[in-house]
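These numbers come from the heavy atoms of this one structure, side chains and all, not from hydrogens, waters or symmetry mates. Everything numeric here is computed off the predicted structure, so don't read it as measured data.
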4 protein chains.
Amino acid sequence: MSQQDKMIEELFHNADELTEKQKKIVAAAIDSFAEKGYAATSTSEIAKKAGVAEGTIFRHYKTKKELLMAIVAPTMAKLIAPFVIKDLNKVLNQDFERLEDFLKAFIENRIQFLKSNMPLFRIFIQEIPFQPELREQFKEHIAQKVLERLRQIVEHYQAKGQIIEMPPDTVIRVAASTIFGYIIARYLLSPEEKWDDNAEIERTIQFLMNGLSPEK
Amino acid sequence: MSQQDKMIEELFHNADELTEKQKKIVAAAIDSFAEKGYAATSTSEIAKKAGVAEGTIFRHYKTKKELLMAIVAPTMAKLIAPFVIKDLNKVLNQDFERLEDFLKAFIENRIQFLKSNMPLFRIFIQEIPFQPELREQFKEHIAQKVLERLRQIVEHYQAKGQIIEMPPDTVIRVAASTIFGYIIARYLLSPEEKWDDNAEIERTIQFLMNGLSPEK
Amino acid sequence: MSQQDKMIEELFHNADELTEKQKKIVAAAIDSFAEKGYAATSTSEIAKKAGVAEGTIFRHYKTKKELLMAIVAPTMAKLIAPFVIKDLNKVLNQDFERLEDFLKAFIENRIQFLKSNMPLFRIFIQEIPFQPELREQFKEHIAQKVLERLRQIVEHYQAKGQIIEMPPDTVIRVAASTIFGYIIARYLLSPEEKWDDNAEIERTIQFLMNGLSPEK
Amino acid sequence: MSQQDKMIEELFHNADELTEKQKKIVAAAIDSFAEKGYAATSTSEIAKKAGVAEGTIFRHYKTKKELLMAIVAPTMAKLIAPFVIKDLNKVLNQDFERLEDFLKAFIENRIQFLKSNMPLFRIFIQEIPFQPELREQFKEHIAQKVLERLRQIVEHYQAKGQIIEMPPDTVIRVAASTIFGYIIARYLLSPEEKWDDNAEIERTIQFLMNGLSPEK
DNA sequence: GATGAATGAGCTTTCATTCAT
DNA sequence: AATGAATGAAAGCTCATTCAT
């Protein structure tokens with residue numbers, strides 16, 4: 001079982017009690033949705049790929065959209081998990097005195113997670129423009145909780161003089177752009193190219209640090 | 001006629017000789033594709049919105065996909081137009097001694113363009129994951145010509161000591177991420193929020209400059 | 001101009017006053033109807049092949065079916081022309097004392113005609129099952145006039161003791177089957193095979209003669 | 001249940017395991033294809049006549065053409081069945097010393113078969129000019145196997161001095177023309193006329209015998 | 001007379017969903 | 001729980017025909 005399969009396993013199969021068939025359906029749907037998009041994937045195609053009858057899909061998921069949601073929602077939850085731990089500030093104080101250490105740890109951790117869930121991440125960013133429900137859920141969770149947390153973090157390091165004086169939302173935006181820009185380039189746009197991942201992440205952090213550090 | 005309509009006009013109606021009906025079809029298609037995605041938009045819906053018979057669409061565009069291509073291709077061409085001007089280096093030397101000036105001019109120009117063609121840009125980035133032909137065209141034009149040019153520009157400013165020593169592709173990646181990150185946040189994710197555009201662009205450039213400048 | 005073109009010319013262009021465009025339409029229609037059938041041929045296809053606008057077809061022929069009729073009707077007329085000459089019996093008495101001579105002359109003449117109009121003959125027998133109007137016209141002309149004549153001819157040779165005693169309609173049926181069987185095999189089923197036409201017609205007549213002659 | 005329904009039953013419903021709906025679809029398709037031709041028959045018409053939803057047709061037959069093929073192929077097989085029995089020559093020797101007996105038995109048997117499957121035979125001869133696949137199948141089976149067999153039979157009776165010396169293919173052609181000519185006249189051209197079938201078949205055989213017998 | 005853009009009904013086919021087994 | 005035949009609405013697309021130019 002590959003690393004990715006383990007993650008999918010973890011996302012869908014441990015927490016809930018999914019039947020064997022359900023797991024196959026979910027795996028097949030992830031595959032197809034990621035490749036051709038939700039709208040262009042037919043339920044019969046999913047059924048065939050999963051090796052189940054068409055009716056079986058609808059026994060577990062009332063509609064095709066419900067299947068999409070069942071796939072994307074837990075990914076979103078896991079993606080933002082690190083932000084919702086209670087004592088984040090304590091962690092920051094204890095473990096990450098310097099912004100650079102925090103960024104390094106944080107970026108590497110989240111890249112690891114996304115790398116293992118690339119098809120799911122792909123579905124997420126591909127479908128969010130088309131699915132209002134998805135957007136709603138996303139805004140409710142990310143925009144509310146995560147942004148709030150991120151602002152605190154930014155202010156935390158600004159207070160320490162490690163981040164330039166700038167509206168926190170702007171800091172978050174440029175930092176997020178830089179990080180997601182790397183992930184999208186690395187895993188979606190040019191996955192087949194040869195990447196020196198360590199060096200590339202190093203440079204990305206260097207750029208971020210330079211961009212965010214107060215000028216001397 | 002709105003600013004956006006003017007740009008669509010410019011992209012489709014001046015250069016080519018489109019009939020009145022064709023213009024309506026294109027406008028309706030852009031509208032729907034941007035909103036619900038290509039796959040989820042039906043040709044009957046486009047016809048209705050355009051006020052033409054469904055058959056009329058297929059008289060002008062053999063297939064639905066051809067309609068998509070007819071819409072996206074010229075946008076792509078216009079988007080990369082500044083990179084394919086012949087004497088770009090001369091322009092850089094004469095007009096933009098400093099990187100900051102170049103970035104400012106360049107970013108503002110392209111943002112202006114995208115702002116006026118947001119639905120088209122939206123279709124472009126939303127459909128590129130699903131349309132192999134689109135990806136093909138994109139790679140052929142962007143990856144080949146534009147990347148080549150951008151590398152030259154980066155090396156140009158690196159030679160002048162204005163950009164940090166770093167692989168040009170990495171520089172391009174972080175810069176592009178930052179710029180597109182702004183555009184996506186500003187016009188796609190939170191268009192309804194109040195933005196102080198000038199200040200925000202200013203800060204984005206400041207971040208870019210700090211991130212890319214050789215450390216002192 | 002080929003032999004066949006000359007015949008088509010004769011059928012359509014001399015008698016009537018067809019414009020140049022009309023001739024092209026008719027030629028294109030014959031081509032396509034023969035190849036793919038009336039129902040499976042689109043008027044746009046005919047227009048393209050004829051090098052005229054779609055509207056032009058409908059200026060000359062109110063409907064697609066009218067075009068078919070305009071093509072088939074004169075062929076039918078020419079096909080049965082030999083039977084409607086007034087003094088057929090005089091001809092028979094003077095020129096064809098023996099049945100064999102008559103058959104030979106008659107078969108060769110009609111084969112010649114059909115050979116030169118094969119696409120038209122093809123359309124005729126292919127479409128007659130599907131076009132009630134065609135069948136109507138056919139019955140009215142053939143079944144009425146031609147059968148009448150053929151019965152006279154059969155009785156003529158029966159009176160002379162050259163055809164077996166048998167209901168004339170049966171004689172006509174077996175003779176027509178034999179002749180059309182040859183034409184269909186020769187020109188429609190296996191046109192690309194090598195045929196020794198003279199010998200084959202000779203044998204066909206021999207078979208007919210043997211089959212129809214009173215036994216000795 | 002009529003005689004014809006029994007035969008259709010036999011062709012489609014015993015051998016294969018067709019669902020009830022499938023049988024209805026096939027019956028409706030045969031009906032319409034025979035009457036108006038394949039190209040001029042719409043699937044919605046077939047669905048309505050069969051009393052099923054249009055989608056049901058395409059669940060069983062991927063395309064309209066596949067439905068046509070599924071209808072015609074087994075008919076073709078049954079039509080040529082008598083020729084592919086292994087010990088045909090033994091049968092000829094034992095049962096049909098005289099050509100006339102063979103012809104009588106053979107013709108009556110095949111006429112019986114075709115009479116019971118007239119709509120299918122109709123579809124077959126009406127569509128073979130338009131369907132290349134059909135023609136291909138036909139040539140492969142008929143032209144190869146059946147012609148081979150027929151040549152043997154002809155040579156068999158020629159060796160016995162019961163058929164005139166003539167190329168076997170010519171004999172086959174004139175005999176087939178005569179037989180099919182009868183069937184087409186009897187059942188397709190003038191089915192409503194009064195026919196004395198026994199006498200007519202008798203005369204047809206007489207004509208054939210006379211035509212094919214060596215002259216004395 | 002000729003054009004060809006425009007039409008809208010109708011075509012084949014696909015689809016998400018239901019339901020009897 | 002699982003199946004897969006059945007559905008019928010809707011999809012993309014084609015067609016014969018019309019009509020303003």
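The nucleotide range of DNA chain E contacted by chain D, defined by atoms under 4.0 angstrom from heavy atoms of the protein and reported 5' to 3', is E:dC11 to E:dT14.
For F:dA16, the OP1/OP2 oxygens have a side-chain nitrogen or oxygen of C:Thr43 closer than 4.0 Å. OP1 or OP2 of F:dT7 sits under 4.0 Å from a side-chain N or O of D:Lys21.
Between the NZ atom of D:Lys48 and the P atom of F:dG8 there is a distance of 13 Å, rounded to whole Å. As rounded to whole Å, 12 Å separates atom C1' of F:dG4 from atom CD1 of A:Ile57. As rounded to whole Å, 12 Å separates atom P of F:dC13 from atom CG of B:Leu68. Whole-Å rounding puts the B:Tyr61 OH to F:dT14 P distance at 16 Å. The NZ-P distance, from B:Lys64 to F:dA10, rounds to 15 Å in whole Å. Rounding to whole angstrom units, CD of residue B:Glu45 and P of F:dC13 are separated by 15 Å. For B:Phe58 and F:dC15, the CZ to P distance is 13 Å, given to the nearest whole Å.
Rounded to the nearest 0.5 Å, atoms CD (A:Gln126) and CZ (A:Phe33) are 11.5 Å apart. Separating the CZ atom in B:Phe138 from the CD1 atom in B:Ile128 is a distance of 5.0 Å, to the nearest 0.5 Å.
The residue among D:Thr56 and B:Ser44 whose nearest nucleotide of DNA chain F lies closer to the 5′ end is D:Thr56. Where C:His60 and D:Lys62 meet DNA chain E, the nucleotide closest to each residue was compared, and C:His60 sits on the side nearer the 5' end. The nearest heavy atom of DNA chain E to A:Arg59 and to D:Glu54 marks one nucleotide each, and the one closer to the 5' end goes with D:Glu54. For the pair B:Ala39 and A:Ala53, nearest-nucleotide mapping onto DNA chain F gives the more 5' position to A:Ala53.
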- Report the C-alpha distance between B:Arg59 and B:Lys21 in whole Å, list the side-chain angles of each, state the deciding distance to 0.1 Å, and finish with yes or no for side chain to side chain contact (heavy atoms under 4.5 Å, CB included). CA-CA 11 Å; B:Arg59 173 156 288 275; B:Lys21 303 252 169 191; over 6 Å; no
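In terms of modelled atom types and a separation under 3.5 Å, the side chain of C:Glu127 and the main chain of C:Tyr38 share a donor-acceptor contact.
Nucleic acid contact class of C:Ser42 (heavy atoms, under 4.0 Å, all strands): sugar-phosphate only.
Between the side chains of B:Ser44 and B:Glu54, no donor N or O sits under 3.5 Å from an acceptor N or O.
When all heavy atoms of D:Gln137 and D:Ala73 are compared, the pair lying nearest together is OE1-CB, 3.9 Å. When all heavy atoms of C:Ala29 and C:Ile71 are compared, the closest pair comes out as CB-CD1, 3.5 Å. Residue C:Glu45 comes nearest to C:Ala40 through the heavy atom pair OE1-O, 4.2 Å, listed as atom of the first residue, atom of the second, then distance.
The only option from C:Lys49, C:Arg122, C:Lys36 that meets the salt bridge (Lys or Arg N to Asp or Glu O under 4.0 Å) definition with C:Asp31 turns out to be C:Lys49.
Stem regions annotated for DNA chain F: E:2-21 with F:2-21, counting only runs of 3 or more consecutive pairs of Watson-Crick or G-U type with both contacts under 3.5 Å.
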